[in-house]
Colleague: 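Sharing a structure, written as structure tokens. Questions coming.
Below, read A as the first sequence line, B as the second, and so on, with proteins coming before strands; counting in each chain starts at 1.
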Number of protein chains: 2
Amino acid sequence: MKDVAQHAGVSTATVSRVLNGHAAPTPETRERVLAAIEELGYRPNALARSLRTTSTQTLGLVISDLLNPFFAEIARAVEDEARSHGYCVVIGNADESAEQEATYVRTLLDRRVDGLLLCPATDDPSLVREVSAGGVPVVLLDRTVKGATCPVVRADGSEALTALARRLVGAGHTRIGVIAGPPNTSTGRERTDVLTGSLGGLAQVVHGDFRQESGSQAAAKLLDGGATALVAMDNLMGLGALGEIRARGLQIPNDVALAVFDDQPWFPLLDPPITVVAQPTVEMGRAAARSLLALINGQQPDDVRLTAKLVLRGSLGEAEL
Amino acid sequence: MKDVAQHAGVSTATVSRVLNGHAAPTPETRERVLAAIEELGYRPNALARSLRTTSTQTLGLVISDLLNPFFAEIARAVEDEARSHGYCVVIGNADESAEQEATYVRTLLDRRVDGLLLCPATDDPSLVREVSAGGVPVVLLDRTVKGATCPVVRADGSEALTALARRLVGAGHTRIGVIAGPPNTSTGRERTDVLTGSLGGLAQVVHGDFRQESGSQAAAKLLDGGATALVAMDNLMGLGALGEIRARGLQIPNDVALAVFDDQPWFPLLDPPITVVAQPTVEMGRAAARSLLALINGQQPDDVRLTAKLVLRGSLGEAEL
DNA sequence: GATCCATGTGTAATCGATTAACTACTGCTC
DNA sequence: GAGCAGTAGTTAATCGATTACACATGGATC
């Protein structure tokens with residue numbers, strides 16, 4: 001910057017003003033400065049600027065698993081929305097591990113992100129408290145924690161799950177296997193509670209960890225137990241369940257009915273196509289980014305609760321008539 | 001930091017030395033400082049540190065499309081490798097747009113990443129030159145650019161594609177539709193060249209843009225043209241092609257054979273499972289991260305060329321006997 | 001006891017920007 | 001022509017760390 005100033009025959013203060021669009025410099029000086037910048041190929045050091053202004057124009061996003069297309073889509077949406085407001089997003093991958101999540105959150109705070117979007121790995125509120133205590137705006141995404149005091153953005157699948165339950169029961173299934181998420185996540189618990197609640201005593205629940213492998217294992221256990229219908233509570237566990245069903249040579253929907261929470265672009269391509277509870281991922285990501293930006297700007301955004309929809313495609317068989 | 005120093009009754013220099021594991025401070029002083037840090041909940045400001053040391057312990061990764069599971073896997077691998085060396089990764093999503101790519105690259109440079117991993121959207125070398133000129137280490141990943149002067153990490157699919165061609169020809173296909181990537185990307189061109197080369201005059205090529213929608217359109221055009229076999233040059237276009245095949249009620253492999261470049265966890269679940277050319281994504285990501293770290297440490301890593309493998313699953317029909 | 005070395009700590013410059021406070025100049029009014 | 005307002009630009013403090021150099025202390029050496 002000093003070089004630029006010298007080159008243009010002005011002080012660094014003037015260069016800075018030109019860069020930041022201040023009113024002061026004359027068009028003529030501005031011209032000279034811009035020319036010098038161009039000529040020297042100067043690019044301002046964002047670190048120095050942030051250090052001085054205490055604003056990095058960056059949001060932190062800590063997600064549970066980048067390989068889960070659900071989160072990848074969310075990340076993408078967050079990024080789009082953030083960028084359209086001049087913010088950058090730094091993504092941290094927690095791998096469904098509370099420990100790694102904490103590490104990432106701290107790293108991001110150390111780098112002074114202006115705000116944090118968090119998909120908490122567990123419902124333990126201590127990490128969120130720690131961040132809030134540090135005065136950094138936080139918004140929770142997809143999942144919440146116990147006694148959360150920050151805005152939460154998530155999808156409500158109750159209606160869809162209730163409708164799903166009605167159909168399964170209506171179709172005469174009496175042993176319905178539920179491949180549930182970890183009980184220490186809000187989504188894991190809530191979805192399962194709603195579904196089993198609506199199923200009366202017909203549900204058998206096995207907990208997985210939101211990953212493919214656990215989906216296969218849970219499916220195996222449930223099928224061994226005589227389940228005639230399976231509901232997987234996220235797309236990766238759904239993938240695992242599908243694998244297990246195929247491995248056993250079972251036919252959907254005749255041998256076993258299947259529904260999955262979270263839609264995927266390839267679900268319609270299966271034979272039969274898979275019935276799902278689809279979450280509005282893009283809207284969730286955008287809404288979360290908007291809430292966080294509002295928080296950063298000193299507003300108090302409300303919680304956002306979007307609605308997940310049941311999409312019937314055929315994998316429930318007669319239950320869908 | 002000043003507070004900590006005061007609290008411990010030492011100078012900021014000593015605090016800094018404790019933090020950085022210098023030899024100097026006595027165990028006793030160290031103890032006092034650590035206690036003060038603990039008590040005040042002090043966390044060092046990474047911006048300030050980086051400004052002073054000119055090192056951010058951060059790698060930039062600009063990928064073509066986060067929603068493409070191929071790149072998501074790569075991103076994940078890069079991140080793992082980087083973290084194990086104490087580095088953080090900032091991901092930028094270029095959305096297959098050269099413009100957005102350039103924006104992201106510049107943003108990352110402004111933030112003084114220690115090095116850059118780039119999956120270039122086009123084979124135009126100017127952006128890479130710009131970065132190199134700025135003295136920032138770069139490694140190209142998956143794709144290369146014309147006259148690249150930096151290390152490149154990619155997968156070689158020649159063998160697999162040649163084998164694939166042999167099978168298709170052997171099975172008697174005479175109109176083989178190739179859903180190619182954009183001709184201005186190295187992977188788009190090379191894969192297509194190898195395949196059409198081995199197919200003699202039997203190939204009909206339609207170019208897509210590595211996205212699902214273009215895959216459907218290309219498939220439609222090729223099927224209209226009487227193709228009895230389709231090869232999609234990346235997984236998203238493969239997804240699109242599958243959709244088009246299903247939409248027309250065609251059976252794989254009887255009505256049309258299909259092979260896709262890039263494997264996906266759900267390909268084995270289709271009926272029939274899809275034959276693919278599988279790239280070693282995880283190894284690519286790790287290797288790229290390693291090369292970049294080596295470059296940062298002043299070494300001159302060689303290009304890495306991993307091998308993609310043909311995985312036969314049945315979607316080629318008799319061609320696979 | 002003077003000299004020297006080793007060791008632990010403090011002082012202050014530095015990284016590259018922003019910005020409050022100040023100065024210099026121009027032009028206007030009375 | 002003195003006084004004043006307004007504008008353009010400069011000087012220097014600041015953000016929060018690192019680190020070269022200076023300094024103080026204590027013990028070993030002759």
Colleague: Quick one: the side chain of B:Arg30 and the base of C:dG8, do they pair up donor-acceptor inside 3.5 Å?
Modeller: no

Colleague: Quick check: do B:Asn93 and A:Arg76 have side-chain heavy atoms less than 4.5 Å from each other?
Modeller: yes

Colleague: Under 4.0 Å between a side-chain N/O of A:Asn45 and OP1 or OP2 of C:dC15, yes or no?
Modeller: no

Colleague: Which nucleotide, C:dG10, C:dA17, D:dA17, lies nearest any side-chain atom of A:Arg49?
Modeller: C:dA17

Colleague: Where the side chain of B:Thr14 is defined as all heavy atoms beyond and including C-beta, which of D:dT10, C:dT18, C:dG10 is the nearest nucleotide?
Modeller: C:dG10

Colleague: Return yes if a side-chain donor-acceptor contact under 3.5 Å exists between B:Thr56 and B:Asp114, otherwise no.
Modeller: yes

Colleague: Between P on C:dG16 and CG on B:Leu47, what's the gap in Å once rounded to a whole number?
Modeller: 15 Å

Colleague: In whole angstroms, how far is the C1' atom of D:dT18 from the CG atom of B:Leu51?
Modeller: 10 Å

Colleague: Donor-acceptor pair, B:Arg189 side chain versus B:Pro183 backbone, under 3.5 Å?
Modeller: yes

Colleague: Does A:Ala13 or B:Asn20 map to a spot on DNA chain D nearer the 5' end, using the closest nucleotide for each?
Modeller: A:Ala13

Colleague: Between C1' on C:dA17 and CZ on B:Arg111, what's the gap in Å once rounded to a whole number?
Modeller: 15 Å

Colleague: Grab the two heavy atoms, one from B:Asp142 and one from B:Thr187, that are nearest each other, plus how far apart they are.
Modeller: O-CG2, 3.1 Å

Colleague: Find the distance A:Met1:CE to C:dT14:P and express it as a whole number of Å.
Modeller: 18 Å

Colleague: Provide, to the nearest angstrom, the distance between the NZ atom belonging to A:Lys2 and the P atom belonging to D:dT10.
Modeller: 15 Å

Colleague: Between B:Thr29 and C:dT9, does any side-chain N or O lie under 4.0 Å from OP1 or OP2?
Modeller: yes

Colleague: Mapping A:Ala48 and B:Pro27 to their closest nucleotides on DNA chain C, which lands nearer the 5' end?
Modeller: B:Pro27

Colleague: Return whichever of B:Arg52 or B:Thr26 has its heavy-atom-nearest nucleotide of DNA chain C closer to the 5' end.
Modeller: B:Thr26

Colleague: Find the distance A:His22:NE2 to C:dA20:P and express it as a whole number of Å.
Modeller: 8 Å

Colleague: Over all strands shown, is A:Ser16 touching base, sugar-phosphate only, or nothing at heavy-atom distances under 4.0 angstrom?
Modeller: base

Colleague: Send over the distance from A:Glu31 CD to D:dA8 C1', rounded to a whole Å.
Modeller: 17 Å

Colleague: Are more than 12 heavy atoms, taken from residues, nucleotides or ligands other than A:Gln299, located less than 6.0 Å from that residue's CD atom?
Modeller: yes

Colleague: Would you indicate which nucleotide in C:dT18, C:dA17, D:dT19 comes nearest to any side-chain atom of B:Arg17?
Modeller: D:dT19

Colleague: If you look at every strand shown and take non-hydrogen atoms under 4.0 Å, does B:Val10 touch a base, only sugar-phosphate, or nothing?
Modeller: sugar-phosphate

Colleague: Provide, to the nearest angstrom, the distance between the CG atom belonging to A:Leu40 and the P atom belonging to C:dG16.
Modeller: 14 Å

